[in-house]
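Written below as structure tokens is the structure these notes are about.
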2 protein chains.
Amino acid sequence: MTTIKDVAKKAGVAVSTASLAINHSSRVSKETAKKVLDAAAELHYQKNGWARDLKMKKTQIIGVVLHDLSGSFYAPIIKGIEETLHSYGYGLIACSTAGENLGTAERFLRERRVDGVIVFSADIKNETLFDVCRAHFPLVVLDREISHANLYSVTVDNLQGGVLAAEHLINHGHTSIGYISGPSNNWDSQLRSKGFTECLSQNGLSVPSKWHIKGDYSQRGGYQAARLLLQQEQLPSGLFVSNDQMAIGVLEAFAEAGVSVPDQVSLIGFDDIELARYIRPSLTTVKQPKYEMGATAAHQIIQHLQGSPSKEHTMLTTEVIQRQSTAKLD
Amino acid sequence: MTTIKDVAKKAGVAVSTASLAINHSSRVSKETAKKVLDAAAELHYQKNGWARDLKMKKTQIIGVVLHDLSGSFYAPIIKGIEETLHSYGYGLIACSTAGENLGTAERFLRERRVDGVIVFSADIKNETLFDVCRAHFPLVVLDREISHANLYSVTVDNLQGGVLAAEHLINHGHTSIGYISGPSNNWDSQLRSKGFTECLSQNGLSVPSKWHIKGDYSQRGGYQAARLLLQQEQLPSGLFVSNDQMAIGVLEAFAEAGVSVPDQVSLIGFDDIELARYIRPSLTTVKQPKYEMGATAAHQIIQHLQGSPSKEHTMLTTEVIQRQSTAKLD
DNA sequence: CTGTTAGCGCGTTCAT
DNA sequence: ATGAACGCGCTAACAG
């Protein structure tokens, strides 16, 4: 390991001078600077980030903790975070919590390797968050309602999303309505349910229990839920599936069973993942503003870092993206 | 910022004792350990990773530099890397080079914030790689042929992949063959072309220039290339599109023009991205072993770190995944 | 079992 | 314009 000491020696100057030269300070003469830079190049000198960070107490890097680095759902969120951070001169590094592997993520949160962290993973418990958040170390949590000092949160109005799904089916003339819900211990899922069923009942409608199946947010779960639905004597004409991943499984099961979407049943999903556009029939869905979520989170981190106050909680709205999988009932 | 010093003072012990206690050394008595841990909890003490790394000269973390953190193409690769690293007790952090934003990536490479780096991004130039690779800092480059001390590479046999694509079309009875190639300055793309055209000519076939369109590996580029193809009087019966992203664009353009796949033209792509299974018609394609690429890269890094030698270059093979977009010509 | 001391590599006073 | 000395927070050698 060649250090700045070696460079200084080779250039025949003091360490401090070498440091100044390498960091392009104007306080050093052109000639000495050149000498130092040449020596550095010759010795293949590379700064030691650890030492630098320790001294400077900042990195200009924000950490992002995701459940799954490779999930397509996260893509637009990351993009939103990245572009925003970049515009402020910050970089981003990401790690995942998949596979019970909390090690790296917790080290991010606890050991202050970055200037702040954005968390989007249910694997990190609230207590952990409370435990690690400190002054001068901003934390933004996505998709979770939580309140604490130095802790910001960005959520999506899942309740309103559920309402939109119900309204969409109602406006398309559907009165026999089915529902494949998400995991009941899931916060998002509960709110989507609440919005959906309440809006239905305000319109004098409800989901009969034979048409209400519980799913697990996975594609496979959606497939299985649809199989259950298909065993009923009759199918609803409108169906809300509480996330797109499951909706894709439902579409598969329906295709296998020869049930035509949207002719026999109109299907509306939730999330608007990338696949929703490409699957056939393409999927009508309640869109989460993913890019915006990322951008908002990044803004909050930066504002905190720059000492300007910012709202502790931000809630974003959803909208329906009409595609092929829903149609008017005549 | 509360440091280990504060904890030691509060617990009434020396800093070193506090350190031992916090790191669960057996060399410290139960009582003192409890005193220290209690003090730490009370003061909300969190280790400072920067200082620790500086001292330990290692992090047990591997960095991954990707062109695009949110590209679905990378998903299985990351998974392969992650699972392998995890099995060795290493963690992973990732950053991207998208948007001309090399800052973070270069800092990873230069400033030794991690124990080793896996690079999968054409944005990082060879010279940079040569410049930053040093002893005890293993670098693995994916999808690039490169040779240097402390530098490992993992590639996919694109040449063979091109051959497979040609063979597939030939075996399905196609003799009028079109080709939408990738960017000509791209190394992968060149090899795919070479394998494809050479195999064709060995079978007495070739791609007439009217049916050879150059694309740019983007979906939009594929769409445009297909429009160009559609302007010809006649369409080939078999078409090789040199990546799936473009193939999806081609499928769109064909669907718009009422050209049926595979009845009128058989289409084979390259990569086997996730979407290939879901799009309709589903896409026959030459699969890159992405998970394996990631796993191999991770193994090489770890082996180097553990002092065991390993092959400097590994080349993986491709295979054809038959789906709906190609059919036998009768 | 515990305290003292040293130093990791860097950036930054404060002198000269 | 340049150099000597210091300290960031931590771990590890060596004493006691």
Side-chain angles (χ1 to χ4, degrees), chain A residues 1-40 43-61 107 110-115 132 134 136-137, chain B residues 1-37 39-40 43-61 107 110-115 132 134-137:
Chain A
M1 277 298 305
T2 126
T3 76
I4 198 171
K5 232 167 167 171
D6 305 320
V7 175
K9 193 185 293 172
K10 172 128 194 159
V13 300
V15 179
S16 53
T17 310
S19 173
L20 289 176
I22 286 166
N23 292 308
H24 302 106
S25 162
S26 54
R27 287 172 41 199
V28 64
S29 75
K30 276 227 163 192
E31 309 152 32
T32 357
K34 184 172 163 25
K35 264 199 306 192
V36 172
L37 263 20
D38 286 349
L43 294 173
H44 269 272
Y45 167 73
Q46 304 284 0
K47 256 195 253 248
N48 182 321
W50 300 328
R52 180 168 214 278
D53 295 345
L54 178 56
K55 187 68 192 174
M56 305 300 274
K57 293 169 180 298
K58 60 173 188 162
T59 58
Q60 296 281 112
I61 296 179
R107 287 173 65 189
R110 296 189 182 282
E111 300 182 1
R112 212 182 205 315
R113 280 193 167 67
V114 287
D115 293 351
V132 300
R134 303 149 270 175
H136 312 302
F137 188 61
Chain B
M1 277 296 304
T2 124
T3 77
I4 197 171
K5 233 166 166 171
D6 305 321
V7 175
K9 192 185 293 173
K10 172 129 194 158
V13 299
V15 179
S16 57
T17 309
S19 173
L20 289 174
I22 286 166
N23 292 306
H24 301 106
S25 161
S26 53
R27 286 171 42 198
V28 63
S29 76
K30 276 226 161 193
E31 308 153 32
T32 359
K34 185 172 162 26
K35 264 198 308 192
V36 173
L37 264 20
L43 295 173
H44 268 273
Y45 167 72
Q46 304 284 0
K47 256 195 253 249
N48 182 321
W50 301 326
R52 179 169 215 275
D53 295 345
L54 177 57
K55 185 68 189 174
M56 306 298 273
K57 295 170 177 297
K58 60 173 188 160
T59 57
Q60 296 281 114
I61 296 179
R107 287 174 64 188
R110 297 189 181 280
E111 300 181 2
R112 211 184 206 313
R113 280 193 166 68
V114 286
D115 292 351
V132 300
R134 301 148 273 175
H136 312 302
F137 188 60

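Here is the naming used below: chain letters follow the sequence lines, and residue numbers restart at 1 for every chain.
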Closest non-hydrogen atom pair, V114(A) against I61(A):
CB-O, 3.3 Å
Expressed as a whole number of angstroms, how long is the span from N48(A):CG to dG11(C):P?
9 Å
Is the side chain of R107(A) donor-acceptor paired with the backbone N or O of T59(B) at a distance under 3.5 Å, no angle test?
yes
Q46(A) CD to dC10(C) P: how many Å, rounded?
11 Å
Write down the distance between CD (E31(B)) and C1' (dC1(C)), rounded to a whole number of angstrom.
11 Å
At their closest point, which heavy atom of I22(B) faces which heavy atom of K47(B), and how far apart are they?
CG2-NZ, 4.1 Å
Partner residues of Q46(A) under the side chain to side chain contact (heavy atoms under 4.5 Å, CB included) criterion, sequence neighbours left out
R110(B), D131(B), V132(B), R134(B)
Give me the atom names and distance for the closest heavy-atom approach of A21(A) to A33(A).
CB-CA, 4.0 Å
Length of the CZ-C1' vector between R110(B) and dG9(C), whole Å
18 Å
Taking every heavy atom of V15(A) against every heavy atom of K5(A), the minimum-distance pair comes out as CG2-CG, 4.1 Å
What are the two closest heavy atoms between D6(A) and T2(A), and how far apart are they?
OD2-CA, 3.2 Å
Can you check whether R27(B) has a side-chain N or O nearer than 4.0 Å to OP1 or OP2 of dT2(C)?
no
Separation of dG11(C) P from K55(A) NZ (nearest whole Å):
10 Å
Length of the CH2-P vector between W50(B) and dG7(C), whole Å:
25 Å
Do D38(A) side-chain atoms and K35(A) backbone N/O form a donor-acceptor pair below 3.5 Å?
no
State which residues pass side-chain hydrogen bond (donor to acceptor under 3.5 Å, both in side chains) with N48(B); sequence neighbours excluded, sorted by chain then number.
none
Nearest heavy atom decides the nucleotide; on that basis, is A51(A) or V28(B) closer to the 5' end of DNA chain C?
V28(B)
Taking all non-hydrogen atoms of both residues into account, name the closest pair between Y45(A) and T3(A) and its distance.
CE1-C, 3.5 Å
When the distance from NE2 of H24(A) to C1' of dG11(C) is rounded to whole Å, what number comes out?
15 Å
Can you give the first and last nucleotides of DNA chain D, 5' to 3', that have an atom under 4.0 Å from a heavy atom of chain A?
dA1(D) to dG9(D)
With the threshold set at under 4.0 Å for non-hydrogen atoms, list the residues of residues 13-22 of chain B touching DNA chain C in residue-number order.
V13(B), A14(B), S16(B), T17(B)
Could you list the donor-acceptor pairs under 3.5 angstrom formed by side chains in residues 49-58 of chain A, with sequence neighbours left out?
{"unit_1": "W50(A)", "atom_1": "NE1", "unit_2": "R112(B)", "atom_2": "O", "d": "3.1"}
{"unit_1": "D53(A)", "atom_1": "OD1", "unit_2": "R113(B)", "atom_2": "NH2", "d": "2.6"}
{"unit_1": "D53(A)", "atom_1": "OD2", "unit_2": "R113(B)", "atom_2": "NE", "d": "3.1"}
{"unit_1": "D53(A)", "atom_1": "OD2", "unit_2": "R113(B)", "atom_2": "NH2", "d": "2.9"}

Mind calculating the distance between NZ (K5(B)) and P (dT5(C)) to the nearest angstrom?
14 Å
Using a 4.0 Å heavy-atom cut-off across all strands, classify M1(A) as base, sugar-phosphate, or nothing.
nothing
Nearest 0.5 angstrom please: S29(B) OG to L20(B) CG, how far?
11.5 Å
Double-helix bend of the helix from dC1(C)-dG16(D) to dT16(C)-dA1(D), axes at both ends from 5 pairs, round to 10°, gives 40°
Do any side-chain nitrogens or oxygens of T32(B) fall under 4.0 Å of OP1 or OP2 in dC1(C)?
no
Mind checking D53(A) for me? I need base, sugar-phosphate or nothing, with any heavy atom below 4.0 Å counting as a touch.
nothing
